[in-house]
Number of protein chains: 2
Amino acid sequence: MSGFNVGTRLKQLRQSRDLSQRELAKRAGVTNSTISLIEQNSVSPSVSSLKKILDALPVSISEFFAGEELANEQVFYRADELTEIGDGNLSWRLVGARRPNRSMSLLYEHYPPGADTGEDMLEHAGEEGGVVVAGSIEISVNGDTQVLHQGDAYYFDSRLPHRFRNVGDEECVIVSANTPPSFAEGGATQHH
Amino acid sequence: MSGFNVGTRLKQLRQSRDLSQRELAKRAGVTNSTISLIEQNSVSPSVSSLKKILDALPVSISEFFAGEELANEQVFYRADELTEIGDGNLSWRLVGARRPNRSMSLLYEHYPPGADTGEDMLEHAGEEGGVVVAGSIEISVNGDTQVLHQGDAYYFDSRLPHRFRNVGDEECVIVSANTPPSFAEGGATQHH
DNA sequence: CATCCTTGTTGAACATCCTTGACAGTATGA
DNA sequence: TCATACTGTCAAGGATGTTCAACAAGGATG
C-alpha cells in the first residue's frame, strides 16, 4: 500500500476547480491522457509531470501530499499530559508525541526571567511562528532584534538564524508552532 | 525553474543519515543506480519510486517538498497588526498575511461566552492544534466532545468533523496553528 | 605491494510513463 | 435528425525511468 492514492487526490483537486482533464492538461503542458491515466491510478507519474500539473492548479507538491495517515491519534491533551522537554533553563511542553507523523509541532513555552535558547543562533529547516501570551521576550531573526509583549506575534523561516531571550523580570509564556516538526529527531542538540 | 532540485535534496537527506546509496537502495527496495541517477538529477523519479526511497529514510513526501520560497517576509507582528478575521461572533487574529506562501497559519483566537464555529461541523484538509491560554472551550472532534481548560491542548486531522464552542461564562483565548493554511483561499465559507 | 571491501558512476536492456490519435458517451443547438 | 462540441477512456509506439552488470577510485588490512 505504498502507492497512496495520487489519482483520487488529483481528481478531487481538479474537479474542485471545475477543470476538465483537457483544460488542466493544456495549462500544465501535458496531454489529457496523462491526466486520465494518473487519475485512474493506472500509472505513478514522474515527479516532473506531477509538478507540471500541480503548478497549473495551482497546488504545491508538499500541500498535495500533506495530510496522509494520522487517524486514531490522540486529540485532546490535558495540561499535565504535555511532554516536558525543558532543560532547567526554560520549559517547553510539546503537544502530542515526540515523533509524530505530523506536519507541525505545537509548543507551550515558558521562559523564566533571563532564560534564552543558548549562545548560538539557531538555524534549521522549516517555519515557525508564535504568539506571546504573557510577559515579554526579545527575539532576534536574521540580525533584526525586537522585544515582543503580550499579544504580539512572530513568524519566520527557521533557516534564518534566530534566538530567543527573556530580558524581562517576569516569566514569558509563548504558544508556538513549528513546521516541519523540530522535535521529531531524537537528538537534543537542536533546540526549537 | 519548475524542476526543483530533487536530487540535491535527496542527497542531503541520505548523507545526513550516514547512508550509502546502496544501503538506502536496499532499504527502499530499489537499486543503487536509481539513487545515483536521481541524485545527479539525471532523471525525475516517479512518485512511486521516490516514495519508496523516502519511506526508507524515513521522510514524508510532503516534508521532502516543504520549504521553498519564503524570505524577506515580515517577521514581527505587533498586537494591533494582526489581521482581524472575526465575524462579530468570535474574533480570530491571523499572524501574517492572508495569502501567505507558508506551510501553516497561526491564529490568536478569542471566543466570547457562547460563541461557536457554527452549526455545521467543519471538515477540511490539513491538521490543526492549539493551546488554551485562558478560559475554557468545548471541542468536538469526530464525535468525541471534551471541555478543555487553561493549559490544555488539542491536535487533530482537520478532515475529521470538528466544532468549537465556548460553553463557559468567560472569554476563551486560544493560540492555534493550522496546516496547510486554512485562510489561504479567498472564500469566507470555510472557517477555521 | 596485493587483496578485499566499499564507495559512486555508467552503458545496454528492460520496464514504465507519456503522447498520439482514435473512440464512445453526453449535451447543445440548428 | 444531424452537426458540433465537449467529456473521459484506451491501444500503440516513442520517450523516459529503472535495473543489471561492469567499472574506476578510495580506504583498510595484511
Side-chain angles (χ1 to χ4, degrees), chain A residues 1-68 125 185 187, chain B residues 1-68 125:
Chain A
M1 202 75 333
S2 81
F4 165 56
N5 209 333
V6 173
T8 312
R9 176 107 170 87
L10 176 59
K11 185 167 190 172
Q12 285 171 352
L13 287 170
R14 177 178 62 81
Q15 290 180 334
S16 77
R17 283 159 178 72
D18 249 319
L19 294 172
S20 69
Q21 291 181 343
R22 279 182 164 84
E23 176 59 26
L24 175 57
K26 185 178 169 187
R27 298 188 188 182
V30 300
T31 61
N32 58 308
S33 315
T34 304
I35 312 267
S36 177
L37 293 172
I38 294 173
E39 284 187 356
Q40 298 171 83
N41 287 312
S42 301
V43 298
S44 173
S46 71
V47 169
S48 55
S49 303
L50 184 61
K51 181 142 202 328
K52 279 196 253 177
I53 295 167
L54 294 183
D55 280 348
L57 280 172
V59 167
S60 79
I61 299 200
S62 64
E63 211 174 324
F64 182 81
F65 286 108
E68 293 311 280
E185 303 299 327
Chain B
M1 205 72 342
S2 80
F4 168 57
N5 209 333
V6 173
T8 311
R9 177 109 170 85
L10 175 60
K11 186 168 192 172
Q12 286 172 350
L13 287 169
R14 177 178 63 81
Q15 290 180 334
S16 77
R17 283 160 177 71
D18 250 319
L19 294 172
S20 69
Q21 291 181 343
R22 278 183 164 82
E23 176 60 26
L24 176 57
K26 185 178 168 187
R27 297 187 189 183
V30 299
T31 61
N32 57 314
S33 314
T34 304
I35 311 266
S36 176
L37 293 171
I38 293 173
E39 285 187 356
Q40 298 171 84
N41 287 313
S42 301
V43 298
S44 173
S46 72
V47 168
S48 56
S49 303
L50 183 61
K51 181 144 203 325
K52 280 196 255 179
I53 296 167
L54 295 183
D55 281 348
L57 280 172
V59 167
S60 78
I61 299 200
S62 63
E63 211 173 324
F64 182 82
F65 286 107
E68 298 309 281

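Throughout, a chain's letter reflects where its sequence line sits, starting with A, and its residues are numbered from 1.
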Quick one, [X] and [Y] - any side-chain contact, counting heavy atoms below 4.5 Å?
X	Y	answer
B/Leu24	B/Arg17	no
A/Leu50	A/Phe65	yes
A/Leu57	A/Phe64	no

Any side-chain N or O of [X] below 4.0 angstrom from OP1/OP2 of [N]?
X	N	result
B/Gln21	C/dT6	no
B/Ser36	C/dT9	yes
B/Ser46	D/dT16	no
A/Arg14	D/dG8	yes
A/Ser49	C/dC18	yes
A/Thr31	C/dT19	yes

- Identified pairing partner of D/dT29, criterion: Watson-Crick or G-U wobble below 3.5 Å: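 Checking every strand shown, D/dT29 finds its partner in C/dA2, with both distances under 3.5 Å.
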- Query: Should D/dA3 form a Watson-Crick or G-U wobble pair with both distances under 3.5 Å, which nucleotide is its partner?
  - Reply: C/dT28
Whole angstroms only, please: what is the [atom1]-[atom2] distance between [X] and [N]?
X	N	atom1	atom2	value
A/Leu24	D/dC6	CG	C1'	16 Å
A/Lys26	C/dT19	NZ	P	16 Å
A/Gln15	D/dG8	CD	P	8 Å
B/Glu39	D/dG17	CD	P	16 Å
A/Leu50	C/dT16	CG	P	19 Å
B/Asp18	C/dT7	CG	P	11 Å
B/Asn41	D/dT16	CG	P	16 Å
A/Glu23	D/dA5	CD	C1'	14 Å

- Starting at the 5' end of DNA chain D and moving along, which residue's nearest nucleotide shows up first, B/Pro45 or B/Asn32?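 Residue closer to the 5' terminus by nearest nucleotide: B/Pro45.
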- Given that B/Ser33 and A/Lys11 both sit by DNA chain D, which one's nearest nucleotide is further toward the 5' end?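 Checking each residue's closest nucleotide, the 5'-ward one belongs to A/Lys11.
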- How is B/Ile35 classified with respect to the nucleic acid when contacts are heavy atoms under 4.0 Å: base, sugar-phosphate, or nothing? nothing
- Under 4.0 Å between any heavy atoms, over every strand shown, what does A/Gln40 touch: base, sugar-phosphate, or nothing? Just pick one.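 Sugar-phosphate: the residue A/Gln40, judged by heavy atoms under 4.0 Å, touches backbone atoms but no base.
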- Message: Taking side-chain hydrogen bond (donor to acceptor under 3.5 Å, both in side chains) as the criterion, tell me which of A/Lys11, A/Lys26, A/Glu39 meets it with A/Gln21.
- Response: A/Glu39
- Query: Any chance the side chains of A/Thr34 and A/Thr31 put a donor and an acceptor closer than 3.5 Å?
  - Reply: yes
- Query: A/Val43 or A/Arg22: which one's nearest nucleotide on DNA chain C is closer to the 5' end?
  - Reply: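 First, find each residue's nearest nucleotide; the 5'-ward one identifies A/Val43.
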- Message: With rounding to the nearest 0.5 angstrom, report the CZ to OG distance, B/Arg22 to B/Ser33.
- Response: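 Rounded to the nearest 0.5 Å, the CZ-OG separation comes to 7.5 Å.
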- What's the closest nucleotide to the A/Thr34 side chain, out of C/dT19, D/dT18, C/dT7?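 Among C/dT19, D/dT18, C/dT7, the one nearest the side chain of A/Thr34 is C/dT19.
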